[in-house]
Structures are given as structure tokens and as C-alpha cells.
Amino acid sequence: MSVDPDRPYTESLIIMTAVRMVAPFVLTYGLFITFHGADSPGGGFQGGALVGVVVLMLAFAFGARPTREWIGNDVITGLAAGGVVVFVGVGLVAIGLGGAFLEYGRLEPLLGPDAVKWGMEAIEIGGVAAIVASVIMGLFFLTAAGFDRGDGS
Amino acid sequence: MSAVGIALVAFVAVTAVATVLVRDVLSAIIIFGAYSLGMALFYTLLLAPDVGLTEAAIGAGVTTILLLVTIAKTTRPIGDRVLASINWPAAVVVGVLAVLIGSTVPYIPTDNFTGGLTPVIANPNVTGYYLEMTYADTGVTNAVTAVLAAYRGFDTFGEAVVVFAAGVAVLVVLHTEVFS
């Protein structure tokens with residue numbers, strides 16, 4: 001039971017084929033859950049988790065290292081930090097327009113009459129989903145790489 | 001409770017106990033994934049599809065994969081004993097706790113298990129307000145999303161930042177500045 005996580009499982013045709021077939025559907029489902037969370041079960045957290053799981057599936061089938069290099073650190077940190085910025089931003093803009101933190105109704109000059117709905121969509125999709133998806137990917141890549149990073153730590 | 005519900009409770013109980021008793025960590029992780037899947041179905045049966053989705057994605061999916069990646073660098077226990085040895089004092093404590101908590105179950109209103117419309121809620125006035133006013137207040141039809149993002153938006157902000165902080169904390173622990 002000693003598997004090098006950086007080694008792609010190229011010999012497992014079954015896993016690769018299965019992931020290749022399932023991944024587009026899981027990704028679509030994850031995006032649906034994310035973007036349709038206001039009117040059906042789900043939301044940013046669940047959808048973001050599913051989108052993150054798609055990357056984990058790809059990493060399981062095609063190896064952690066190639067997937068890690070394909071995604072890149074900038075995407076993961078950008079999504080995680082950007083998600084927090086979007087969430088805080090929506091809250092602060094509401095304050096700037098004379099309301100309380102995250103008082104979506106105050107965003108009406110920017111988002112129109114459905115400001116509450118669009119404000120919620122913004123923090124769910126741009127905030128929560130981005131943070132959850134990126135942190136799941138990041139935790140997986142860090143765990144897969146382990147401590148053997150060669151920096152003497 | 002329906003036959004499906006009883007079967008799911010039995011499945012969850014059996015997999016939970018098996019997770020503790022099985023000696024091989026790989027087997028325990030796989031059984032734990034099955035337990036999470038059973039819980040996800042059970043939440044859906046109890047009309048909590050949002051929680052069910054989370055349990056399926058996080059519990060059965062992400063946790064299983066993270067645990068598998070973690071044990072990939074360990075070794076399997078030597079010998080062919082299937083079950084771990086039981087710590088009886090701990091088992092007695094857990095058993096007493098389970099009986100104590102289980103004894104409260106008959107006092108939970110069970111109308112929504114049987115298809116009634118009375119929800120099991122601690123403060124019906126607040127919950128009733130959410131269910132009644134969600135669309136008028138926020139313009140979305142999923143009351144769970146409305147509570148998360150609008151009524152309790154600041155709490156959700158804290159939770160999102162906690163998830164972000166978890167990622168940062170792992171980076172700090174591993175003495176690295178990049179995720180990949």
C-alpha cells in the first residue's frame with residue numbers, strides 16, 4: 001500500500017475511462033447546483049465542492065502532479081482570495097451606499113430592482129463557491145504532495 | 001418512519017460501527033465513505049436535500065479522497081486479524097452516551113417523518129417567518145439559500161472566511177506558500 005501520489009495511474013484504463021466519461025457530467029451538475037442554488041436545493045457551498053471534486057477525480061485518474069501543474073497555483077490562490085474579496089466587496093459596497101454590511105437592498109442603483117437576489121447570487125457564486133472549490137483543490141494537492149517538498153522543512 | 005428510513009438507519013449504524021471496528025485503515029475509509037453516502041440519502045429522505053448534497057460531496061467525496069491520499073504513504077498493519085481490539089471502558093462510555101441521546105428520540109415531533117407538514121423545529125415563529133416571507137423579502141425560492149445568504153449573511157461570511165483560513169492554515173503548517 002505504498003502509492004506515489006505523483007505517479008499517474010496510467011496503467012488503470014478503467015479509472016481513466018470512467019473519469020473521462022463521468023467528469024463532464026459532474027462538472028455540469030456542480031455548475032448547475034452553483035448557479036441554480038437560489039431556486040433549487042444546493043448553492044455555492046455544494047456546487048463549489050462538486051466542482052472541486054471534479055479536479056480531484058482528474059487528479060486520481062491522471063496523477064496528482066500533472067493535474068496540479070495544469071491547474072496552477074495562481075488559479076487556486078486567485079479563486080480563494082478572490083472569493084473572500086468578492087464577499088467582503090459586496091458587503092462593503094452596501095455600506096458605501098448607506099446601508100449595513102451585506103444589506104443587498106442598498107445595491108439597487110447598481111443591480112436593479114432584483115438587487116437582493118443578485119447580491120445573494122454574487123456572494124454565493126463569486127464568494128462561497130470560489131472559496132470552497134479552490135480550498136478543496138488546494139488541500140488535496142498539498143496532501144498529495146505531502147512533506148516531501150525538498151525545502152528542508 | 002418508512003421501511004426505507006429504517007433500512008437507512010440500520011445501514012448507517014452498521015457502517016458507523018464497522019468503521020470503528022475494522023483494523024485495516026483502507027477498509028475503514030471505504031466503509032466510512034459508504035456511511036456518508038447512507039447519511040446523504042437519509043438527509044434527503046428527511047427533506048433536507050441541501051444537507052444531503054453537502055454530505056455526499058464533502059463527506060463521501062472529498063473526505064474519502066483526502067483520507068486515501070493521506071494513508072497512501074503509510075503501511076498496512078501486519079497480520080490477518082480483521083477487527084481491531086476493543087477498548088472496553090471507552091466502549092461502555094460511548095454506549096451509555098448513545099443510550100442517553102437515543103432516549104431523547106421518542107420526544108422529537110415526528111410528523112414530517114410520516115408525511116405530515118409540521119416541521120421539526122425549535123423556534124417555529126422564526127422558521128415560519130423564513131418560509132413565509134423568503135420570496136417577498138429576497139426574490140429567491142430556496143429558503144435555505146435565503147437564510148444562508150441573506151438573513152444570516154454575516155454568519156455565512158464568517159464560515160466562508162473559516163474555509164479560506166483552513167487553506168491558509170495548511171499552507172502555514174506545511175511551511176509553503178503555494179498550493180501546487
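In what follows, chains carry the letters A, B, and so on, assigned in the order in which the sequence lines appear, proteins first and then strands, with residues in each chain numbered from 1.
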Crowding at OH, A/Tyr29 (>12 non-hydrogen neighbours, <6.0 Å): no

_When you compare the side chain of B/Leu45 with that of B/Ser2, does any pair of heavy atoms fall below 4.5 Å?_
yes

key: Check: B/Asn142 side chain, A/Ser40 main-chain N or O, donor-acceptor pair, under 3.5 Å   = yes

Most contact-rich option vs chain B, by heavy-atom pairs under 4.5 angstrom, among A/Asn73, A/Asp114, A/Val26, is A/Asn73

When the 4.5 angstrom heavy-atom criterion is applied to B/Ala56 and chain A, the contacting part is neither

Whether B/Phe157 and A/Phe101 hold their rings parallel, tilted or perpendicular, with breakpoints at 30° and 60°: perpendicular

B/Ile58 backbone acceptor or donor facing B/Thr63 side chain under 3.5 Å: yes

When the 4.5 angstrom heavy-atom criterion is applied to A/Phe140 and chain B, the contacting part is both

* Asked: Any side-chain heavy-atom pair from A/Asp39 and A/Lys117 closer than 4.5 angstrom?
  -> yes

Heavy atoms, side chains only, cut-off 4.5 Å: are A/Phe60 and A/Val19 in contact?
no

Counting heavy-atom pairs under 4.5 Å with chain B, the top scorer among A/Leu50, A/Ile136, A/Val75 is A/Ile136

Checked B/Val168, B/Val51, B/Leu66, B/Asp137 vs chain A; the most non-hydrogen pairs under 4.5 Å come from B/Leu66

Applying a strict 4.5 Å limit to non-hydrogen atoms, the region of A/Val88 in contact with chain B is both

Chain B shares the most heavy-atom pairs under 4.5 Å, among A/Ile71, A/Leu56, A/Val53, A/Val128, with A/Leu56

Bottom line for B/Val163: the part with an atom under 4.5 Å from chain A's heavy atoms is both

Heaviest contributor of heavy-atom pairs below 4.5 Å to chain B, chosen from A/Gly37, A/Ala38, A/Gly52, is A/Ala38

If one checks every heavy atom of A/Val116 against chain B at 4.5 Å, the contacting part turns out to be both

So, the side chain of B/Thr104 versus the backbone of B/Leu100: is there a donor-acceptor pair under 3.5 Å, distance only?
no

The interface call for A/Leu102 against chain B, heavy-atom contacts under 4.5 Å, is side chain

